[in-house]
Structures are given as structure tokens and as C-alpha cells.
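Only one structure is covered here, and it is reproduced in the block below.
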Amino acid sequence: MNKEFKIVQVIVNNNSYQTDKLFDYEIPTHLYNKITRGMRVMVPFGRGNQRLEAYVFNVTTSSAKDMKLKKVLAVIDEQPILSEHQLRLAFWMKNQYLCKYIEAIHCLIPKGMINKERKLIILVNNQWDTLISPSQRKLKNILTTINDLGGKVYLDLLMQHVDYKEINDAIKTLLEKNIIDIKYEFNSKINIKTERYVYINVKDNRWNEVLASLKNAKKQKVSLEILKQQGECSVKELLYMANTGMTTLNSLKDKGYIGFMDVEVKRDPFANKSFSAFPKPVPNKEQQMAIDRIGNSIKNNINDRYLIHGITGSGKTEIYLQLIEKVLEKGKQGIVLVPEISLTPQTVSRFMGRFGDRIAVLHSSLSDGERYDEWRRIAMNEVDIVIGARSAIFAPLKNLGIIIIDEEHEHTYKSDQTPRYMATDIAEYRSQLENTVLVLGSATPSMETYHKALNGKLDLITLTKRATDAKLPHIEVVNMTEELELGNTAVFSSQLIAAMEENLKNQKQTILFLNRRGHSSVISCKSCGYVLKCEHCDITMTFHRTDERLKCHYCGQMKHVPAVCPSCNSDSVKYSGTGTQKIEDLVKHYLPTARIMRMDMDTTSRKGSHEKILESFKNQEVDILIGTQMISKGLDFPNVTLVGIISADSALNLPDFRAAERTFQLVTQVAGRAGRGLEEGRVILQTYEPNHYSIIASRNHDYEKFFQDELIIRKEFYYPPFTNLILLNFSGKDEKTVDYAANSVANHIKYILNSQGYNTFDYNILGPNPSMISKIKENYRYQILLKDVEVPFGLLKKAVKYLLIDNRNKYIPQNLTCSIDINPFTII
DNA sequence: AGCACGCCGACT
DNA sequence: GTCGGCGTGCTC
């Protein structure tokens, strides 16, 4: 007789393709009413009944007794940790990006929330040497190690001390012999941050007696008296007030007069910063129209999607602020994505200034603990606005009214780890699912987005005027080929030097932009032409002036410049390929009186250094700011009247379908830093290709023209927005294996397509080829690019899923990694 | 992934 | 005949 029983269908927290499916577990009767979708439970898994955290996707009943189900061990959450929307999002992500359920789930909840069990090995029988035979050297070694480590040790730590492959066998034998015991502990990776507090432990009637006993211990007496006044306070405060050290307090504790306790404190990443209220300016006509139009969608709860295409300085941020205000008035919440928070502190502070403390800021440089705290604040409904980088799109707001993505075209919205999601895609899906307004904003929208806008999939709002009525800067293109012909072989054109001098004289500020850090990126031999490369990567090493060494920007390896050429023993070294450090040296040489600062990854590695540099630039303690990409965004300094773009070509010549688009965007963004104040800005753009359509269009501030020119090329060569791409990356230590596997996968894809009646592969299967950088960190890299040309995208995805997911172990050897990137940002 | 099972060479 | 390394296959 079959009786009905309740079961759950769960995804286990196990990151492998083979366990990436729903598993059924029986719910024991005592947990019948405690489990709903979206909660986490503990389940026994696998032959060893390893205890795993699992995510409940379904709760149903079953009467089928054909398979013996294991039972849920315990429930972790009282409330679902994943909402219905989030469960659907996870499901959608899996299909969209061909990732695992668990990878999608890990996007949705912070690291600190995920429990993994740690095994604590405890030695329980000290007479163990009598229980094992002398030949069992491995067991003996393990036991002595545990003993040396104090009789108990976590298994993962033990594994670091002893070097046995199959340590689990040994542990199992020892457990059977009752020599050791295993305790399972949750490693909550994030410790709840606590602060030690002191409290007084002396009853009033003994007070005088106690004080008298301390007459020879002045510091202790003072401390105790202060503590009596305060009631209780943190150890830190007491030490400060009593001007004493921990030994004083410890002796008080030993005497039993005081006690310690740990109190949870919330980490506040903005603890040391204050934000002044940001005044609300009156919008100009264009801004007001945008606010009214989008405001209408907000008012009527319509899932409308907008693209605000506004020139640099057109005041998009102010529009966002006022839209958020409308959303808050409706009692709803908003997400604002910015490309990279640390690069746009001004935007963040404007939001903080306007909306105060019901904001959560999700920094990329937050510690896991800080991130966890912010996530909990959001989940517990303590905030209404989340502002953050890419991952903030997953913020667990429950009553979302608007999603705003600023600088929509930025590559930082594409994740660089699996799942390689695009935050704008997630935003689009989320806005649909949760019926919210979506606003994308950019001065230089991506080709895909603008194409959508022209096809009516997004409502286009165009802003043509700068908010403060400032004019767009005048861009002068300097043809470096002509400079060369005139005999100027220097990095700076005569125009740029002259303009910099003039600016310095007039006490105006200058920004110099070059998208390459370091000093010289190519170190070669003058006599034989040998180019120095990293030993582990297929890439030239960059010379860094600051530590006089060569550095590989891919694996980080550093080494000294060889005294002689490894190939021909000549001692003449050529430093070519200009980086920001060289620019810094050159400017110092040309303009010795200028105060210079450099901003790139090398000068901003320490926390807070961004802000410091920008602060001193803002305070006009710096005349010339030299920087890479990171100075191209969001900086708004009125005194900057000159921007020099050292070379517009470096991005242009990359073998990537987005090269022209990136160049246009970069030039426009960087140029937009000039002339934001009262005076008209001036931009000097140096290039060897002054007639390239992206250079001409950016000089004329003509996005439309650029878009139309580029669109023709995209269509001709079958690239987005006309196609979808799938990039398969293969990498491994053995080049032959990588090559073979990539070829085999490509052939199987052809075979599958063929079986469906498609038999030309010239445009839809490109490669396999060695990647642009064919080796990184000793790993050889190959890639296959798939395009949905004459083949449905769905079929390509199906083929990839079949080969690389469902039957992965058949096609991908163990010692090789293969990643899937749906619609990659670059194909380099 | 992580675990157990089972095979096989090496070593008492 | 064991010990211990390694490949294989399964997980509700």
C-alpha cells in the first residue's frame, strides 16, 4: 500500500555539472510545515552521506515508492532566503548562460550566507600505537600530526600538514578503530563582527571595600571608577579614557571585578565619511521632459524600458535622482548600477547626499563581511535604494520600482567569471518579472542597445544639451604621421605641448589619457630585435619605472631587465611602447614646474587611494593628471579645460569586433572631462589614423554617424546586434590536448548541425584557433566562436549544452578547462 | 565536488 | 598477503 508523503526537490551546494540537477528528499513529519520553496535545508548526499546545504526549489507530495528517498536532516532558514522571483531568475540564468543552478544561486546570495561543513578530527584514544600495526606508516604519521597539533584539527588543515592523496581512507579506518572522532562544524565563513565590551561586576554594597583593596593599583582603580560611571563600554573606549593598557583590565577581571562580553557590531563601509546634503538643482527643459515621461511610467506601474542617450554633462544623474524620488514617493525601491563605484565616488556621494541612510552601497572592494551585512540590510527591508556595481543587480529588494543602469555600454556590466552574465540582461529580465521601469543611460550607447532603441524595443530619450549650458569641448585631431614627417618623433605633438604649457600658465588643469600602464610595454634588443616575453604567458613584459623591474600584466611575475640580450648577448636595450609612467617622466621633463599626479592600477591599489588622488586634483593641488581608463568616467572638475589623448589608436587596432566602438566611446568619454565649467574645453587627440570613421565621428560629437557607419560593418561581418555569439574557451597545460579537444568539440558541433540539416559552417563556426594571448600562466588557450548565422541560436546553444554540459566528461578531458561565454564582450 | 569501491604494483 | 596510489562511477 502506497502512502503519500511530502518531498522536496533541491539543488545541492556542490559545484559540479554532474550534480547540477534537482534531487528529491523526503520531508520527515516533524518538518512538514516548516519547509517552503526558497529555503535552505541540510541533506545527506552521496554514498558517504556527506552533509550538504541544499536549496529548496519545490515542495510536493509523492506516492511513488520505487526509489528509496533519503530524508531532510534539518531546515536552515525560518523564512525563504530566495524569493519566488529569485528562483525564477536562477532558472532563467541557467538556460540563458548555460551555467549551473548553483552558480546562479551563488550570484543571488552573498558568500557569507553559504554554509559548508568542516570536519573537526579529534583524537580520542591516546593508546593508539597499540591499535595499529607498525607497517601502517601513513596512519601513524597522521596520528602523530594530529597529536602535535593539539589532539584536534580541522581536516582541511590536517591535509596541509600531511601529504597523502587518499587521506579519507585513513580517516575512515581510524574512525572504525575508534581512535578518532569526527565533529561536524559549520564554517560560517564570515564571522559576525563583534566588539569586546566591559561591564562592572561589583555590587554597590562592596564598592568601597573593593576600591580600598585597589589603593596600590592606581590604574585599576581609575579604570573601575570610570567604568562605574559609564555602566558599560567597549574595551577600546575604556582603555582610552583610563589611559591604560590591557594588563590593567585583565587583572581586574582576574579579581572578578569586571567581565568581558562580545557585542555584535555592524560594519559600516562609510563609517569615516560624511556626505553633505546635495542641493537639488532645477532641471533644464530636456531633463524635465525625460523626468516627466519616465515619471509617468513610474506613476502607472508600467514595465516601460528607456534609453536615455545624453551627451556627456547633460545631467543624467540628476534625472536618475528625481526618478528615484518619484519611486520612493510610491513606496517602492530602486537599484542604480554604476560601472565601478570606486571610479565614480561623485555619483555615489550625490545619492547619499540626497537620500541619506536608506541606501546600501555595494562596492567591489567591500570585504565579504561588509557585503554580507549590506545584503542583510537590504533583505531585511532596511534600505530603499541600492547603488552598486554589476552584482548589485541581484540585490534582494522586495518591492522594486525602478532599475537604472548608468553608462550602460560599459564592459564592467559583463561578468568575467562563470556565469558570465550581462547585468543589463539581468536587469531587463528582472524588470519584466517584477514589473518595474528600466532606465539605461549613456552618452555612447552600445551598438546593441541603440539598435534596440531604434527598433522600438526601448523608448529613446535624447538629451542634446549640457545641463549647465556648457558647450561640448572642441576636439582637435593631430595626425601623428604628419608630426613624424615634420621630424617630431616624440610622444607629444607640438600642439599638445604648447597647449599644456598655456594651460599651466593660466592655472587651469589638464588631464592626459593613455590606456596603458607601466613605463614601456615592449622591451626589445636593438641589435637583433628579440622581444622580451613573460616565461609563463605569451605576452610582452612591461617595464615599470617605479621599481625598475619588468612585470607581466597577466600573471604578475616580476623580474629585472636582463643585462644582455638572451638571444644575441648584445647589451643595447630598446624601451618602446609608451605607458603612463613614461608619460609622467616626459611631462616632468617638459614642464618641470607642473604638479603632476598619475592615476592607474599601480597608484590606486591601496584602499582609499582613488579618493585621495581625486581629492587633491579637485582641490587644485595638481596641475596635470595622467591616467588610464579609470579617469575616463564620471569625473566632473570645472577647472579642467584641456584633455590630451596621447594615442587613440591602441584600442582601435585590436583585432576585436568592438574595437571601433570602444575607441569611439573612450574618446567621447575622456573628451567629456573637458570644459565642464564656464570655459570651453579643448581636447587634443593624437592618432595615426585621423580618417578612421570612429575618430571623425568622435571629433564631430556625432554618435548617430558613428552608429550608422559601424552598423554597416557589423551587418557585413555578422556581428552583434545582428548575431548572437557563443565563445568557447579551452585552456590547459598541454597544448596538444587543448588543441585536440577544441577540434573535437568543433567537429561535433558541425556533426550536430549537419544532422539538423545545416551544412555550411563558414560563417557560424570560427576556429578553433589559438586565442589572441595564446598562453597565460603556463596554460595554452584555444577558442571557438559560434555565431547564429543561418543557424538558429537555440540550436547552437543546444549543441553546446549537449557537448559541454550534459556529456562534458566525454568531450573535455579532466586536465583541461573549458568555459562558455554567451555573447562575450570581446572575442580576444 | 567528494566519496567509496576496486584494481594493481610495491613492499614486507 | 597487506599498504597505499589511482582510475571510475555515482550521488535523490
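The sequence lines fix the lettering, A, B, ..., with proteins before strands; numbering per chain opens at 1.
Checked against ring pair (Phe, Tyr, Trp, His ring centres under 6.0 Å), A/His748 has the following partners two or more places apart in sequence or in another chain: A/Tyr811. By the ring pair (Phe, Tyr, Trp, His ring centres under 6.0 Å) test, A/Tyr413 is found to be paired with no residue, residues two or more places apart in sequence or in another chain being considered. The ring pair (Phe, Tyr, Trp, His ring centres under 6.0 Å) check on A/Tyr780 picks up nothing, with sequence neighbours excluded. Qualifying ring pair (Phe, Tyr, Trp, His ring centres under 6.0 Å) partners for A/Phe761, counting only residues two or more places apart in sequence or in other chains: none. The side-chain contact (heavy atoms from CB on, under 4.5 Å) check on A/Lys152 picks up A/Leu120, A/Ile122, with sequence neighbours excluded. Partners of A/Pro28 under the side-chain contact (heavy atoms from CB on, under 4.5 Å) rule, at least two apart in sequence or in another chain, are A/His30, A/Leu31, A/Lys71, A/Val72. Remark: A/Thr36 pairs with A/Met39, A/Pro80 by the side-chain contact (heavy atoms from CB on, under 4.5 Å) rule, at least two apart or across chains.
Across the protein-nucleic acid pair, A/Tyr55 atom OH and C/dC12 atom P stand 18 Å apart, rounded to whole Å. Protein atom CZ of A/Phe5 is 14 Å distant from nucleotide atom P of C/dC12, rounded to whole Å. A straight line from NZ of A/Lys68 to C1' of C/dC12 spans 13 Å, rounded to a whole angstrom. A straight line from NZ of A/Lys21 to C1' of C/dT11 spans 8 Å, rounded to a whole angstrom. Nucleotide C/dT11 holds its P atom 12 Å from the CG atom of A/Asn49, rounded to whole Å.
No hydrogens or angles considered: a donor-acceptor pair under 3.5 Å links the side chains of A/Asn58 and A/Arg37.
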- prompt: In the 5'-to-3' direction, what one-character label does each nucleotide of nucleotides 2-8 of chain C receive under the scheme B = base within less than 4.0 Å of a protein heavy atom, S = sugar-phosphate only, - = no such atom?
  reply: -SSSB--

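Contacts classified as ring-ring contact (aromatic ring centres under 6.0 Å, His included) and involving residues 130-151 of chain A (residues at least two apart or in different chains) are not found. Listed by first and then second residue, the side chain to side chain donor-acceptor pair (under 3.5 Å) pairs involving residues 420-429 of chain A are A/Tyr97-A/Asp425, A/Arg305-A/Glu428, A/Glu428-A/Lys452 (not counting sequence neighbours).
A salt bridge does not link A/Glu26 with A/Lys6: none of the charged nitrogens is closer than 4.0 Å to a carboxylate oxygen.
On the nucleic acid side, DNA chain B contacts chain A at distances under 4.0 Å to non-hydrogen atoms, with the end points of that region at B/dA1 to B/dC5.
Shown for residues 11-20 of chain A: residues whose heavy atoms fall under 4.0 angstrom of DNA chain B, namely A/Asn14, A/Asn15, A/Ser16, A/Gln18, A/Thr19.
The residue A/Phe45 sits close to a base: some heavy atom pair falls under 4.0 Å. The residue A/Lys119 sits close only to the backbone: its heavy atoms come under 4.0 Å of sugar-phosphate atoms, none of a base.
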